[in-house]
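Computed from a predicted model, the values in this text were never measured in an experiment. Along the sequence shown, residues are numbered consecutively beginning with 1. What's counted below: heavy atoms across the whole structure, side chains too, no hydrogens, waters or symmetry copies.
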Amino acid sequence: YAPWCPACQQIELTWESFAKESEHLDITVGKVDVTQEPGLSGRFFVTTLPTIYHANDGVFRRYRGSRTLEDLQGYVLERKWEAVEPVAGWKSPSSIMMHGMAGLFHLSGWIRQIHSYLTGTLGIHVWISYAVFILATLLIGLFLGL
């Protein structure tokens, strides 16, 4: 979820109720703020918000059903998740490829922080910051090419 997302705000009370019932369902319910955890967003390949996953014994399934409390509970109690195709191996959050994707999301956040530091804290003009990144990209490419 993301705090600014209207759909996430709409499901929030239902999700909190589902989390309260989780002990009776013998499950653990959680939520992750993708603005605070961009690596997880990349690892789970989150493209829409909110995105709900069911995880059991290292197997991940994306929940695409109705977002009512009754349907969420039914998905678990009636074991409807068994009929859902697991996330493909290469797209699984535990795969090497998704570890790499998480790294790219972390890198993009790091680059954004450097840009903010250059422009906000040091007062460097935006275009000069862009030029610094262009130069760094070229130098890294040249170094790796050697």
* Determine whether Val29 and Val59 fall in the same hydrophobic cluster, where Ile, Leu, Val, Met, Phe, Trp and Tyr are linked whenever their side-chain heavy atoms lie under 4.5 Å apart. => no
Exercise. Take atom OH in Tyr117; do more than 12 heavy atoms of anything else shown fall under 6.0 Å from it?
Worked result: no
From the list Val126, Ile128, Thr121, side-chain contact (heavy atoms from CB on, under 4.5 Å) with Ile124 holds only for Ile128
Practice task
Is it possible for you to say whether Tyr53 and Val84 belong to one hydrophobic cluster, with membership spreading through side-chain heavy-atom contacts below 4.5 Å?
Solution key: no
Do Tyr130 and Ile111 land in one hydrophobic cluster if side-chain heavy atoms of ILVMFWY residues count as linked below 4.5 Å?
no
In short, salt bridge (charged side-chain N to carboxylate O under 4.0 Å, His left out) pairs touching residues 30-41 with sequence neighbours left out are Glu12-Lys31, Glu16-Lys31
When rounded to the nearest 0.5 Å, the distance separating CD1 of Ile134 from OG of Ser129 is 9.5 Å
dist Thr119:OG1 -> Ile114:CD1 (nearest 0.5 Å) comes out at 11.5 Å
- Query: Any link between Leu135 and Leu122 through a network of hydrophobic side chains (Ile, Leu, Val, Met, Phe, Trp, Tyr) touching at under 4.5 Å?
  - Reply: no
So CH2 of Trp81 and CG of Asn56: to nearest 0.5 Å the spacing works out to 4.0 Å
| query | Do Arg67 side-chain atoms and Pro50 backbone N/O form a donor-acceptor pair below 3.5 Å? | reply | yes
Does the side chain to side chain contact (heavy atoms under 4.5 Å, CB included) test come out yes or no for Ile52 and Ile11, once each step is laid out?
-> CA-CA 11 Å; Ile52 301 172; Ile11 193 177; 4.1 Å; yes
Between Arg62 and Thr51 the two heavy atoms that sit nearest each other are NE-CG2, 3.5 Å
Between the CD atom in Glu23 and the OG1 atom in Thr28, the distance rounded to the nearest 0.5 Å is 9.5 Å
Between Phe18 and Gln73 the two heavy atoms that sit nearest each other are CE1-N, 3.9 Å
- Item | Side chain Trp15, main chain Gly30, donor-acceptor under 3.5 Å | yes
Check your understanding: Is Phe60 linked to Val76 within one hydrophobic cluster, defined over Ile, Leu, Val, Met, Phe, Trp and Tyr using a side-chain heavy-atom separation of less than 4.5 Å?
Key -> no
With heavy-atom distances below 4.5 Å as the criterion, would you say the side chains of Trp4 and Gln9 are in contact? no
Return the orientation label for the Tyr75 and His54 ring planes: parallel under 30°, perpendicular over 60°, tilted otherwise.
perpendicular
* If we only count heavy atoms from C-beta on, is the Leu49 to Tyr1 side-chain gap below 4.5 Å? -> no
Quiz item: Is a side-chain N or O of Tyr63 found less than 3.5 angstrom from the main chain of Ser66, in a donor-acceptor match?
Solution: yes
Here the pair of heavy atoms bringing Thr14 nearest to Leu72 is CG2-CD1, 4.0 Å
